[in-house]
Visitor: 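Mind looking over this structure? Questions follow.
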Amino acid sequence: MNPVNFSAELNDEQLAAVQAPDGPVLVIAAAGTGKTRTLIYRVAWLVQEKKVRGENILLLTFTNKAAKEMMERARLNVGAENLLGMWGGTFHHVANRILRQHAALVGYRNDFSILDSDDQKTLCKTLYEELGLKGNDQFPKPQVLLSLFSLAANKDVDPRDLISERFENFDTDLESILKVHDAYTERKQTLNVMDFDDLLLNAVRVLDENEGPREYYQHKFRYVMVDEYQDTNPVQADFVKLLSGGTGNLLVVGDDFQSIYGWRGADFRNILHFERDFPGAVKYELVTNYRSVPGVLAVANKCIAGNPEQFQKELRAVRSGGPTPVFARLSDGGHQARYVVNAIRTLRRSGYRYSDFAILYRAHFHAMEMQLELNREGIPHVITSGVRFFEQAHIKDMLCLPRLVCNPRDELAFARLICLLPGVGVKGAAKLWSKLSRKFDPLLSEDRKRLHEAVPKRGKAFWEPIHEMLEQAEREELTRNPGELIFLFLKAFYDEYAVDTFDNYANRVEDIHGMIDYCGQFESLEGFMSELALQTNLDESNARDESDQDAVRLGTIHQAKGLEHPVVLVLWCVDGMFPSGRALEESDGGGESEERRLFYVAATRAKDHLFFCVPNVRRQRDGGVVYYEPSRFVTELPEGVLRVERGGYY
């Protein structure tokens with residue numbers, strides 16, 4: 001195999017980082033500057049020029065896909081025979097390999113099993129029964145508690161704090177939750193099983209508390225490299241420090257501008273404080289961007305400069321020319337959706353394919369009108385952010401009552417609604433339906449009374465507030481207003497149901513409120529349900545599998561990180577939606593800073609065209625409107641960086 005010509009294959013910035021001297025090295029790799037390429041060539045440099053053996057190199061990544069790609073490309077550069085014994089993989093993969101040799105040091109056998117999510121839920125249910133919590137219908141579901149336990153582990157914080165914060169507005173037995181946590185921790189050890197978080201926590205314990213294994217791995221891994229270091233959490237940072245503490249030859253690559261996972265435990269201060277944590281560290285910056293036209297980078301540079309606590313840097317474009325990014329002033333969500341469709345059609349005429357377009361948004365409900373408009377216009381699309389909006393479980397739950405108001409003989413809607421009650425399953429719902437003569441009209445007092453009497457004792461306490469809510473809705477003539485009906489159901493029952501049922505409670509309730517506001521544009525319940533039924537049926541023919549390459553991509557900005565698209569259109573760029581209202585309420589200002597980084601990530605996904613869609617109003621359930629100010633991230637940009645369009649089409 002021919003030796004790698006590093007100076008011919010790398011730019012000056014990349015070459016300097018690849019040839020960095022021994023010791024701690026920080027590589028700040030801005031968007032589109034060749035981060036992965038730099039890591040791969042660093043491996044090649046170590047093997048070819050420094051004669052390092054593969055078994056003395058460790059590469060830590062965040063996904064198996066990234067690890068596999070880097071290892072394959074490194075083998076192509078220097079030959080598979082020169083990388084024999086090299087460790088490359090995710091943090092959890094490497095932790096598992098260590099524990100398979102040393103689990104006894106933390107009270108496990110080396111043949112421990114790893115619990116998947118179903119196993120974890122099953123174990124939790126067993127503990128519920130043993131602790132006398134089975135049948136407690138107001139106690140959180142296992143997946144909710146497991147999510148909180150996991151977040152506490154990844155943030156390295158007391159679970160009590162997270163639990164108190166989650167349920168502060170609800171009458172929840174916090175002490176029983178903590179008993180479940182302690183019992184879960186103890187039982188895993190008794191059964192010789194670990195969950196995903198335990199792999200890292202226990203591997204850190206092995207290295208931290210035992211000199212022998214620590215010195216062995218520090219000697220083995222003479223060179224440690226870490227990808228996406230800005231996304232590490234406190235436990236992962238400790239893991240890296242322990243593994244690299246022998247020679248001190250640690251190279252980390254990342255971009256503080258793209259740290260957007262604080263909500264799941266990532267701490268961007270790990271990369272900001274790298275030089276403090278590793279004295280003598282040398283820092284390199286990659287700022288030459290090969291992806292985007294200058295106009296896109298101008299937006300990204302000016303926006304992110306508003307965050308004071310970061311490594312200040314500016315992307316430089318290799319490409320020249322290109323269009324100026326667009327600031328589209330629009331009337332409302334419907335106008336926004338039509339504008340995007342017209343922009344797609346216009347650019348398609350100049351040669352772009354559907355797959356060249358990405359429609360990005362801060363939260364799932366922001367794309368509601370957009371999905372319906374794409375269906376209506378027959379534009380093929382893929383929802384990369386999960387299930388299509390109106391097919392999500394919580395949205396379908398909320399639509400049960402409106403469906404029954406429109407069609408009292410809708411048995412499927414009735415069954416879904418009544419099965420939300422504890423103690424009522426599919427068979428129980430069928431029996432109730434028969435007792436009601438196969439009809440339930442929420443607007444008829446006679447039907448309500450018959451159902452109230454027929455609901456099993458265990459579910460009656462939960463049906464009671466729904467029953468009272470329906471009577472209130474009828475008295476106040478609100479039952480024909482879809483937004484009001486859904487809002488009242490949320491208040492009476494579903495909010496508390498959701499907090500005990502879904503691990504991402506806040507996001508789901510945000511979706512529901514978004515749908516409630518969307519209802520405001522319809523004059524009647526029948527109109528709303530008819531439009532919904534029509535469009536969701538069209539969805540089946542217009543939305544395609546992700547394997548279909550020629551389809552518009554819709555997804556959240558978090559899911560778009562690491563990707564690039566010729567055309568990017570960002571929805572609902574208004575204060576309160578992007579940046580989100582929840583983030584702006586954080587007292588320490590950290591929420592706004594992370595939102596700004598998210599805006600930067602959205603902008604830097606674009607190669608050619610970038611659009612920021614800024615609707616003026618959003619309709620509410622009562623028929624009124626909320627007026628929005630354009631996102632501060634847009635209005636802070638200097639004049640000339642964006643081309644303003646007012647209500648027209650691209």
Visitor: Rounded at 0.5 Å granularity, tell me how far OG in Ser631 sits from CG in Asp575.
Guide: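 That separation rounds to 5.5 Å.
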Visitor: Taking all non-hydrogen atoms of both residues into account, name the closest pair between Ala551 and Val382 and its distance.
Guide: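 So the two residues come closest at CB-CG2, 3.9 Å.
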Visitor: May I ask you to check whether Tyr600 and Phe633 place their ring centers less than 6.0 Å from one another?
Guide: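 No.
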Visitor: Give a yes/no verdict on a cation-pi contact between Arg597 and Phe257, requiring under 6.0 Å between NZ or CZ and the six-membered ring centre and an angle within 45° of the axis.
Guide: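 Output no; distance or angle outside limits.
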Visitor: For the backbone of Ile379 and the side chain of His381, can you confirm whether one donor and one acceptor N or O come within less than 3.5 Å of each other?
Guide: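 Between the backbone of Ile379 and the side chain of His381 there is a qualifying donor-acceptor contact (under 3.5 Å).
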Visitor: Output, in order, the C-alpha distance, side-chain angles, deciding distance and verdict of salt bridge (charged side-chain N to carboxylate O under 4.0 Å, His left out) for Glu377 and Arg345.
Guide: CA-CA 11 Å; Glu377 296 298 321; Arg345 285 180 169 155; 3.0 Å; yes
Visitor: Under a 4.0 Å threshold between the charged nitrogen and the carboxylate oxygen, would Lys302 count as salt-bridged to Glu636?
Guide: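 Salt bridge flag = no for Lys302 with Glu636.
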Visitor: State plainly whether the residues Arg269 and Glu309 are in salt-bridge range, i.e. N to O under 4.0 Å.
Guide: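 Here Arg269 does not pair with Glu309 in a salt bridge, since their nearest N and O are not under 4.0 Å apart.
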Visitor: Test your reading of the model: is there a side-chain donor-acceptor pair from Asn289 to the backbone of Leu315, 3.5 Å cut-off?
Guide: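 Not at all, since once roles are kept as given, no pair shorter than 3.5 Å links the two residues.
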Visitor: Is it the case that more than 12 heavy atoms not belonging to Glu629 sit under 6.0 Å from its CD atom?
Guide: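 No, because the 6.0 Å sphere around CD of Glu629 holds 12 heavy atoms or fewer from other groups.
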Visitor: With no hydrogens and no angle check, is any side-chain donor or acceptor of Thr38 less than 3.5 Å from a backbone partner on Gln14?
Guide: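 Checking the backbone N and O of Gln14 against the side chain of Thr38, no donor-acceptor pair under 3.5 Å is found.
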Visitor: Using 4.0 Å as the upper bound for N to carboxylate O, is an ion pair formed by Glu69 and Lys65?
Guide: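 Here Lys65 does not pair with Glu69 in a salt bridge, since their nearest N and O are not under 4.0 Å apart.
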Visitor: Measuring from Leu59:CG to Leu251:CG, what's the distance to the nearest 0.5 Å?
Guide: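 Interatomic distance, Leu59 CG to Leu251 CG, rounded to 0.5 Å: 10.0 Å.
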Visitor: Distance check, rounded to the nearest 0.5 Å: Met370 atom CE versus Leu554 atom CG?
Guide: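 Going from the CE atom of Met370 to the CG atom of Leu554 covers 7.0 Å.
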Visitor: Closer than 3.5 angstrom, by distance alone: can the side chain of His93 be matched with the main-chain N or O of Gly89 as a donor-acceptor pair?
Guide: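 Pair absent, no side-chain N/O of His93 close to backbone of Gly89.
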Visitor: Is there a side-chain contact (heavy atoms from CB on, under 4.5 Å) between Glu228 and Gln258 once you walk through the steps?
Guide: CA-CA 9 Å; Glu228 303 283 12; Gln258 297 186 73; 6.0 Å; no
Visitor: What are the two closest heavy atoms between Lys35 and Asp227, and how far apart are they?
Guide: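 Heavy-atom minimum between the residues: NZ-OD1, 2.9 Å.
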Visitor: Given the rule in the ring pair (Phe, Tyr, Trp, His ring centres under 6.0 Å) test, do Phe357 and His609 qualify, once you have shown the distances and angles that lead to the verdict?
Guide: CA-CA 9 Å; Phe357 295 87; His609 295 267; 8.5 Å; no
Visitor: Answer yes or no: is there a side-chain heavy-atom contact under 4.5 Å between Asp255 and Lys313?
Guide: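 In short, these two side chains touch, coming nearer than 4.5 Å.
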Visitor: To the nearest 0.5 Å, what is the distance between NE2 on His92 and CG on Leu200?
Guide: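 These two atoms lie 4.0 Å from each other.
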Visitor: Strictly distance-based, threshold 3.5 Å: is any side-chain N or O of Ser580 a donor or acceptor partner for the main-chain N or O of Met577?
Guide: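 Side chain of Ser580 to backbone of Met577: no pair is present.
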Visitor: Donor-acceptor pair, Glu586 side chain versus Gly591 backbone, under 3.5 Å?
Guide: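 Yes, Glu586 side chain to Gly591 backbone: donor-acceptor pair under 3.5 Å.
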Visitor: Do Tyr261 and His558 pass the ring pair (Phe, Tyr, Trp, His ring centres under 6.0 Å) test, and can you show the C-alpha distance, the side-chain angles, and the key distance before you say yes or no?
Guide: CA-CA 8 Å; Tyr261 296 111; His558 283 100; 5.7 Å; yes
Visitor: Within a strict 4.5 Å, meaning less than it, do heavy atoms of the Val567 and Asp608 side chains meet?
Guide: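 No; the side chains remain at least 4.5 Å from each other.
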Visitor: May I ask you to test the Phe612-Leu642 pair for a side-chain heavy-atom distance under 4.5 Å?
Guide: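 Contact flag for Phe612/Leu642 side chains = yes.
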Visitor: Taking the side chain as C-beta and beyond, is there a heavy-atom pair between Thr33 and Glu13 under 4.5 Å?
Guide: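 No, every pair of side-chain atoms sits at 4.5 Å or beyond.
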Visitor: Just verifying a value: how many Å separate Leu532 CG and Leu372 CG, rounded to the nearest 0.5 Å?
Guide: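 Between Leu532 CG and Leu372 CG, I get 7.0 Å after rounding to 0.5 Å.
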Visitor: Assess whether a salt bridge exists between Glu595 and Arg632, defined as any Lys/Arg side-chain N lying under 4.0 Å from an Asp/Glu carboxylate O.
Guide: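 Result for this pair is no, no salt bridge flagged.
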Visitor: Is there a salt bridge (charged side-chain N to carboxylate O under 4.0 Å, His left out) between Arg605 and Glu564? Walk through the geometry before answering.
Guide: CA-CA 5 Å; Arg605 299 312 93 199; Glu564 58 184 42; over 6 Å; no
Visitor: Does the side chain of Met515 reach to within under 4.5 Å of the side chain of Phe389, using non-hydrogen atoms?
Guide: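 With C-beta onward as the side chain, the pair touches.
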Visitor: Would you call Arg643 and Glu645 a salt bridge, using N to O less than 4.0 angstrom?
Guide: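 So Arg643 pairs with Glu645 through a salt bridge.
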Visitor: Inspect the contact between Asp495 and Arg508 and indicate whether a charged nitrogen and a carboxylate oxygen are less than 4.0 angstrom apart.
Guide: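 So Arg508 does not pair with Asp495 through a salt bridge.
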Visitor: Does this structure show an ion pair linking Glu373 with Arg376, if we count only N-O contacts that are shorter than 4.0 Å?
Guide: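 Yes.
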Visitor: Quick one about Tyr494 and Asp397 (side-chain donor to acceptor, distance below 3.5 Å, no hydrogens or angles considered), yes or no?
Guide: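 Yes, because at least one side-chain N or O of Asp397 sits under 3.5 Å from a partner of the opposite role on Tyr494.
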Visitor: Do Arg618's NZ or CZ and the ring of Trp572 fall within the cation-pi criteria of under 6.0 Å and 45°?
Guide: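 Pair Arg618/Trp572 counts as cation-pi.
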Visitor: Does Tyr518 have Arg619 sitting over its ring (NZ/CZ under 6.0 Å from centre, angle to axis within 45°)?
Guide: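 The answer is no; the distance or angle limit is not met.
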Visitor: Taking atom types as modelled and ignoring hydrogens, do the side chains of Asn233 and Asp267 form a donor-acceptor contact shorter than 3.5 angstrom?
Guide: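 Per modelled atom types, Asn233 and Asp267 side chains form no pair under 3.5 Å.
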Visitor: Go through it in stages, so that I can follow the logic: the residues are Gln310 and Gln312, the test is side chain to side chain donor-acceptor pair (under 3.5 Å), and I'd like the CA-CA distance, side-chain angles, deciding distance and then a yes or no.
Guide: CA-CA 6 Å; Gln310 61 188 15; Gln312 299 294 351; 3.2 Å; yes
Visitor: Taking the side chain as every heavy atom from C-beta outward, state whether Met398 and Leu490 have any atom pair closer than 4.5 Å.
Guide: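 When only atoms from C-beta onward are counted, Leu490 and Met398 do touch, with a gap below 4.5 Å.
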Visitor: Output, in order, the C-alpha distance, side-chain angles, deciding distance and verdict of side-chain contact (heavy atoms from CB on, under 4.5 Å) for Asp356 and His565.
Guide: CA-CA 6 Å; Asp356 292 329; His565 307 275; over 6 Å; no
Visitor: Whether the side chain of Glu391 engages the backbone of Arg388 through a donor-acceptor N/O pair (distance < 3.5 Å, no angle test) should be reported.
Guide: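 No.
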Visitor: Scan side-chain atoms only and decide if Ser117 and Gln120 contain a donor-acceptor pair under the 3.5 Å cut-off.
Guide: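 Per modelled atom types, Ser117 and Gln120 side chains form no pair under 3.5 Å.
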Visitor: Let's go through Tyr339 and Val326 carefully: what are the C-alpha distance in whole Å and the side-chain angles of both, what is the deciding distance for side-chain contact (heavy atoms from CB on, under 4.5 Å) to 0.1 Å, and is it a yes or a no?
Guide: CA-CA 12 Å; Tyr339 174 87; Val326 173; 3.5 Å; yes
Visitor: Less than 4.5 Å apart, any side-chain heavy atom of Phe578 and any of Tyr361?
Guide: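 Not in contact.
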Visitor: If you round to the nearest 0.5 Å, how far is OH of Tyr352 from CG of Leu347?
Guide: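 Between Leu347 CG and Tyr352 OH, I get 6.5 Å after rounding to 0.5 Å.
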Visitor: Give the intermediate values and the outcome of side-chain contact (heavy atoms from CB on, under 4.5 Å) for residues His364 and Gln392.
Guide: CA-CA 10 Å; His364 203 26; Gln392 298 175 104; 3.0 Å; yes
Visitor: Within the structure provided, determine whether Tyr628 and Asn616 are in side-chain contact (heavy-atom separation under 4.5 Å).
Guide: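 Not in contact.
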Visitor: Any side-chain to backbone donor/acceptor pair from Arg329 onto Pro630? Under 3.5 Å, distance only.
Guide: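 No: the side chain of Arg329 does not pair with the backbone of Pro630.
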Visitor: Does Lys283, at its NZ atom, have more than 12 non-hydrogen atoms belonging to other residues, nucleotides or ligands within less than 6.0 Å?
Guide: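 Enclosed.
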Visitor: Could you verify whether a donor N or O on one side chain and an acceptor N or O on the other, from Arg582 and Asn507, lie under 3.5 Å apart?
Guide: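 Their side chains do contain a donor-acceptor pair, which is all the 3.5 Å distance test asks for.
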Visitor: If only atom types and distance count, is the side chain of Ser292 paired as donor or acceptor with the main-chain N or O of Ala606 below 3.5 Å?
Guide: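 Indeed, once roles are kept as given, a pair shorter than 3.5 Å links the two residues.
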Visitor: Treating Ser150 as the side-chain partner and Leu146 as the backbone partner, does any N or O pair qualify as donor plus acceptor under 3.5 Å?
Guide: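 Pair absent, no side-chain N/O of Ser150 close to backbone of Leu146.
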